[in-house]
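Worksheet: one structure, shown below.
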Amino acid sequence: MTATSLLQGLAILLTLQWLSTEIIAFLDIPFPPPLLGMLILTALLCTGVIKEKYISDICGALIDKMALLFLPAGVSMILYLDVIKAELLPISLTLVISSLIILTSTALVLEMLLRKKEKGGQQ
């Protein structure tokens with residue numbers, strides 16, 4: 001991990017963030033620019049336009065520091081503890097139901113992909 005590789009990766013990520021923000025502003029649609037940036041990055045990685053080696057160092061560094069990004073959320077939870085207590089049942093139900101939906105959909109997609117892989121391997 002060198003300073004050059006970190007700066008290069010950061011430049012790529014920030015350029016994609018800027019590009020996605022500009023696209024969203026131009027199209028005037030309610031869509032989160034960071035999500036569009038991740039979709040663009042995924043497409044560029046899958047097509048080979050951007051090689052993984054160019055962003056792997058900065059992504060590793062950002063993941064290592066990810067815990068710091070949860071500090072504002074933790075402070076907000078403490079500030080709004082009375083609201084959370086008042087809405088505990090709806091919040092809990094939402095967490096449980098959404099978790100079940102995510103787990104179920106992930107399992108179904110995985111099962112579908114494994115079956116598709118088995119079919120492809122038997123031919």
Side-chain angles (χ1 to χ4, degrees):
M1 184 181 308
T2 65
T4 304
S5 68
L6 289 172
L7 288 174
Q8 180 182 17
L10 186 61
I12 290 170
L13 294 179
L14 289 176
T15 300
L16 290 174
Q17 175 64 32
W18 171 79
L19 179 66
S20 65
T21 302
E22 291 298 315
I23 291 170
I24 295 297
F26 177 76
L27 295 176
D28 194 30
I29 55 173
F31 194 80
L35 181 57
L36 179 61
M38 287 189 289
L39 292 172
I40 294 171
L41 177 62
T42 301
L44 293 174
L45 285 168
C46 288
T47 58
V49 174
I50 294 178
K51 303 290 183 210
E52 182 185 345
K53 66 181 180 179
Y54 296 136
I55 61 166
S56 62
D57 286 344
I58 191 66
C59 289
L62 290 171
I63 288 172
D64 289 343
K65 307 299 182 220
M66 192 185 303
L68 293 175
L69 300 175
F70 289 102
L71 285 175
V75 170
S76 295
M77 284 182 63
I78 293 170
L79 289 175
Y80 295 103
L81 200 54
D82 55 332
V83 175
I84 293 171
K85 284 180 183 177
E87 300 295 329
L88 189 59
L89 183 62
I91 291 171
S92 299
L93 285 174
T94 303
L95 286 171
V96 169
I97 291 170
S98 63
S99 295
L100 288 173
I101 290 170
I102 291 169
L103 284 169
T104 303
S105 61
T106 302
L108 291 173
V109 168
L110 179 61
E111 184 178 334
M112 179 189 70
L113 290 173
L114 289 174
R115 285 184 181 169
K116 187 175 180 180
K117 185 178 179 182
E118 281 180 5
K119 271 187 174 179
Q122 291 177 353
Q123 292 178 351

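From a predicted model like this one, the values you see are computed outputs, not experimental measurements. Residue numbers count from 1 along this sequence.
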Inset, instruction - Nearest 0.5 Å please: distance from the CG atom of L100 over to the CG atom of L95. - result: 11.0 Å

Inset, instruction - Starting from the C-alpha separation in whole Å, work towards a yes-or-no answer on side-chain contact (heavy atoms from CB on, under 4.5 Å) for L44 and I12. - result: CA-CA 11 Å; L44 293 174; I12 290 170; over 6 Å; no

Legend entry - Distance (rounded to the nearest 0.5 Å) between L108 CG and L103 CG: 11.0 Å

Inset, instruction - Verify the neighbour count for atom OH of Y80: are there more than 12 heavy atoms of other residues, nucleotides or ligands below 6.0 Å? - result: no

Inset, instruction - Give the cluster check for I40 versus L27: same hydrophobic cluster or not, with ILVMFWY residues linked at side-chain heavy-atom distances below 4.5 Å. - result: yes

Inset, instruction - Identify the two heavy atoms, one from S20 and one from G37, that lie closest to each other, and give their separation to 0.1 Å. - result: CB-N, 3.5 Å

Inset, instruction - Could you pull out the closest heavy-atom pair between L68 and P72, with the gap in Å? - result: O-CD, 3.7 Å

Legend entry - Same apolar cluster (I L V M F W Y, side chains within < 4.5 Å links), I101/V109: no

Inset, instruction - May I ask you to decide if T94's main-chain N or O and S98's side chain share a donor-acceptor pair within less than 3.5 Å? - result: yes

Legend entry - Joint hydrophobic cluster, V83 plus I91, side-chain heavy atoms closer than 4.5 Å: no

Inset, instruction - Decide if atom CE of M1 counts as having more than 12 heavy atoms of other residues, nucleotides or ligands within a radius under 6.0 Å. - result: yes

Inset, instruction - Give the minimum heavy-atom separation between A61 and L6, together with the two atoms involved. - result: CB-CD2, 4.2 Å

Legend entry - Value rounded to 0.5 Å, distance of CG in L36 from CD1 in I24: 4.5 Å

Inset, instruction - Compare all side-chain heavy atoms of L41 with those of L13 and state whether any distance is below 4.5 angstrom. - result: yes

Legend entry - Closest contact, heavy atoms only, T21 versus P33: OG1-CB, 3.6 Å

Inset, instruction - Output the distance between atom CG (D57) and atom CG (L10), rounded to the nearest 0.5 Å. - result: 12.0 Å

Inset, instruction - To the nearest 0.5 Å, tell me how far E22 CD sits from Q17 CD. - result: 10.5 Å

Legend entry - L45 CG to I55 CD1 distance, which is reported to the nearest 0.5 Å: 4.5 Å

Inset, instruction - Following the transitive rule for hydrophobic clusters with a side-chain heavy-atom cut-off under 4.5 Å over Ile, Leu, Val, Met, Phe, Trp and Tyr, establish whether F70 and L79 coincide in one cluster. - result: no

Legend entry - I102-M112 co-clustered via ILVMFWY side chain contacts under 4.5 Å: no

